[in-house]
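Report on one structure; see the data block that follows.
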Amino acid sequence: MKRILSSEVAGVVGQTISLAGWVQSRRDHGGLIFIDLRDHKGLIQLVINPEQAEAFSIAEGLRDEFVIKANGEVKARAPELVNPNIESGTVEVVVDSLEVLNRADTLPIQPFSEQQANEELRLKYRYLDLRRPKMQHMLKRRAEMFSVIRSYMETQEFTEVTTPILANSSPEGARDFLIPSRMHEGKFYALPQAPQQFKQLLMVGGIPRYYQLAACFRDEDPRADRLYGEFYQLDAEMSFVEDGEEVRQMFDPLIKQLSTDFADKKLLSEDIPRIPYAEAMDKYGSDKPDLRFGMELIELTNVFADTEFGVFKSAETIKAICVKDGLSLSRKQIDGFTEIAKSEGAGGLAYISYENGEAKSPIAKFLSEAELAAVKEKTGAEDGDTIFFGADKRSVVNKVLGRLRSEFADHFQLKDPNVIALCWIVDFPFYEWDDTRKKVDFGHNPFSMPKGGVEALKATTDDEKLAILADQYDMVMNGYEICSGGVRNHNPEVLYGVFGLLGYDKKYVEDKFGAMLGAFKFGAPPHAGCAFGVDRMFMELMGENNIREVIAFPKNGSGVDVMMNSPSFVDDAQKKELGL
RNA sequence: GCGCUCGUAGUGAAGUUGGCCUAUCACGCCUCCCUGUCACGGAGGAGAUCGCCGGUUCGAAUCCGGUCGAGCGCGCCA
């Protein structure tokens, strides 16, 4: 007998068919039993009459999530018995015979209940959690997204190459996962943080365009938008590219297609803006601004050049954001935002509200008429608005107001979930100031090309070094960094130079990047590329705010797989063989 | 490593200014009844040393200290 799916039943009224799946629910009327059978396509109602004594007896013993097979005749339901809530609601299967393929204990969580178990239990019983329609949907959609990506990359003549998982420890960047070598005592492999060096070597190897949906491994603490341990990147590299714009234009259509056709969202703008890093920090206080709303940071330092107000007088930078309808905020809510500001390093949070043409504020009395007028004019504040100030070092002001900008947008629900706002942040500083070690260090990865090449590397003072820009770019989607890329440094002399500027000698560079340096001496083409964090991008496209919601088997916040109990101890024999 | 929040039957919640708490409700589970339900219905029942340890008190789910675990954030993530 042909086994069919629940979705096919409506098309075969009158036929005798076979179905298999899980018991979603059992409604036992004493003399008549209904079973909702669930398969991956949906639900179908089985009817078991007492005339079929054996099947009826089996049906009486069924419980939720038993795995069963049923044979029977498909019958159309009478009009008054149609169930509009399920796809197959116009038909039902009158069962002749029933078989229990497997029993199920009472489930520790209820996957089909409105009330969702806490995440720890959901992860422990992920195989049950995955039965939820939402999780089924996520896994299916993720596969579809991968398919869209692959077909785009193939159309653009990128070659998919898989690179080693057993790789080498990289000196810069995140903490590595190390794997002790059995055959070489004392030596270690490392899981790749990214296929960075391999893909550059592919360029030297004459592969014109490479891509890979690559597993990447980093041993750093997770966040809501960052998985622990492993994640996937759409990793790509193109040879004979000397300008990052070529890479950005290559990927614009794909990301737009994923936003619209795939995720069914509206683009804020067809044109994807390129925003220099310095401008992003200045206008949004962030290098990953959410452009779905305005509320830009407004420069007011000059307005208060001669102010008598102590807090502003001593500040290096004064900026403000204008919050529409800020007057509706209660004192308690403002206190809450003040706490957030303090947590980002602010001393407090000064503000001015406008009501009936008047400026109302705890600090108004310290400000002159001219200052108040200038603030209103520069911020464009109207009745009902509230201006929030940041006054501190420039970096602190940007950080505080950047964070508040996002918090206010959350509060006033300005982040339209149906809109995707994309931008590229370009011209990142090559070096940045490391405040803990009080020295200049790499801002992003050391493999990108400094703008201006060898000339730029003649910088000697810290300020000159910090002014060097990298041909490095990030793509930002609704406030999430979804891609990072750069024009690579394929010139050995320049590579020595960028390390040399930080005081590393040639030997250091040769020790750490010998393979790449060696390769670059044999005719390396200029090349550029990027890598998209596809899990995070998928999360945003799906409208989720926790990346674990879109992944089959994520680890928890402590890096533990509570289902498999990894990490775990290994036996002594295994350790001995590895010399541990 | 640090900060904030949380931890009560199998699950989700209420109770948290100490005492009517012998801990409440819903879902689930068990038994019985029920021939058209589809969130089936009805009757009954079991199930919680309130994360753990210690303290304060005549009395602790509730207060205090510690500890473990979780979530979020900071650090970190070239």
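Sequence lines set the chain letters: A, B, ... in the order given, protein chains first and strands last, and positions in each chain run from 1. The model shown is predicted, which means the values in this text are computed figures rather than measured ones.
Remark: the backbone N or O of Val498(A) is paired with a side-chain donor or acceptor of Tyr431(A) at under 3.5 angstrom.
Checked against G36(B), G71(B), G12(B), the side chain of Asn556(A) finds its nearest nucleotide in G71(B). Relative to the side chain of Arg226(A), the nucleotides C76(B), U11(B), G69(B) differ in distance, and C76(B) lies closest. Across C30(B), G75(B), A70(B), the shortest atom-to-atom separation from the side chain of Ser558(A) is found for A70(B). Side-chain atoms of Asn85(A) lie closest to A39(B) of the nucleotides A39(B), C40(B), G36(B). Across C74(B), G28(B), G73(B), the shortest atom-to-atom separation from the side chain of Asp64(A) is found for G28(B). Counting only heavy atoms from C-beta on, Asn546(A) has its side chain closest to G71(B) among G71(B), A70(B), G36(B). Of all nucleotides listed (C38(B), U35(B), G75(B)), U35(B) comes nearest to the side chain of Glu51(A). Of the candidate nucleotides C77(B), U37(B), G1(B), U37(B) has the atom lying nearest to any side-chain atom of Arg27(A). Among C76(B), G36(B), C38(B), the nucleotide with an atom closest to any side-chain atom of Glu220(A) is C76(B). Listed nucleotides: G1(B), G73(B), C30(B). Nearest to the side chain of Arg223(A): G73(B).
Here Glu119(A) lies in heavy-atom contact (under 4.0 Å) with sugar-phosphate atoms only. Among the heavy atoms of the strands lying under 4.0 Å from Asn118(A) are primed sugar atoms or P, OP1, OP2 only; no base atom is included. Within the 4.0 angstrom heavy-atom criterion, only backbone atoms of the sugar-phosphate kind lie near Arg63(A); the bases stay farther away. Pro446(A) comes within 4.0 angstrom of a nucleotide base, judged by non-hydrogen atoms across all strands. Residue-level contact check: Gln110(A) touches the bases, meaning some heavy atom is under 4.0 Å from a base atom.
Ranked by how close their nearest RNA chain B nucleotide is to the 5' end, Pro108(A) and Leu123(A) are led by Pro108(A). For the pair Phe442(A) and Val562(A), both in contact range of RNA chain B, the more 5′-proximal nearest nucleotide belongs to Val562(A).
Judged by ring centres under 5.5 Å apart and planes tilted less than 30 degrees, His29(A) stacks against the six-membered base ring of C40(B).
Judged by Watson-Crick or G-U wobble contacts below 3.5 Å, the nucleotide C63(B) has G55(B) as its partner. Under the Watson-Crick or G-U wobble criterion, with both distances below 3.5 Å, A46(B) has no partner in any strand shown. As the counterpart of G75(B), no nucleotide is assigned, since no Watson-Crick or G-U wobble pattern has both distances under 3.5 Å. A 3.5 Å limit on both hydrogen-bonding distances identifies G10(B) as the Watson-Crick or G-U partner of C27(B).
Checked for salt-bridge contact, Glu65(A) and Arg131(A) meet the test: a charged N lies under 4.0 Å from a carboxylate O. Between Asp36(A) and Arg27(A) there is a salt bridge, since at least one side-chain N of the basic residue sits less than 4.0 Å from a carboxylate O of the acidic one.
Only one option out of Arg122(A), Lys124(A), Lys134(A) pairs with Asp129(A) in a side-chain hydrogen bond (donor to acceptor under 3.5 Å, both in side chains); it is Arg122(A).
Side-chain atoms of His29(A) and Phe34(A), non-hydrogen and from C-beta on, do get closer than 4.5 Å to each other.
For C72(B), the OP1/OP2 oxygens have a side-chain nitrogen or oxygen of Arg548(A) closer than 4.0 Å.
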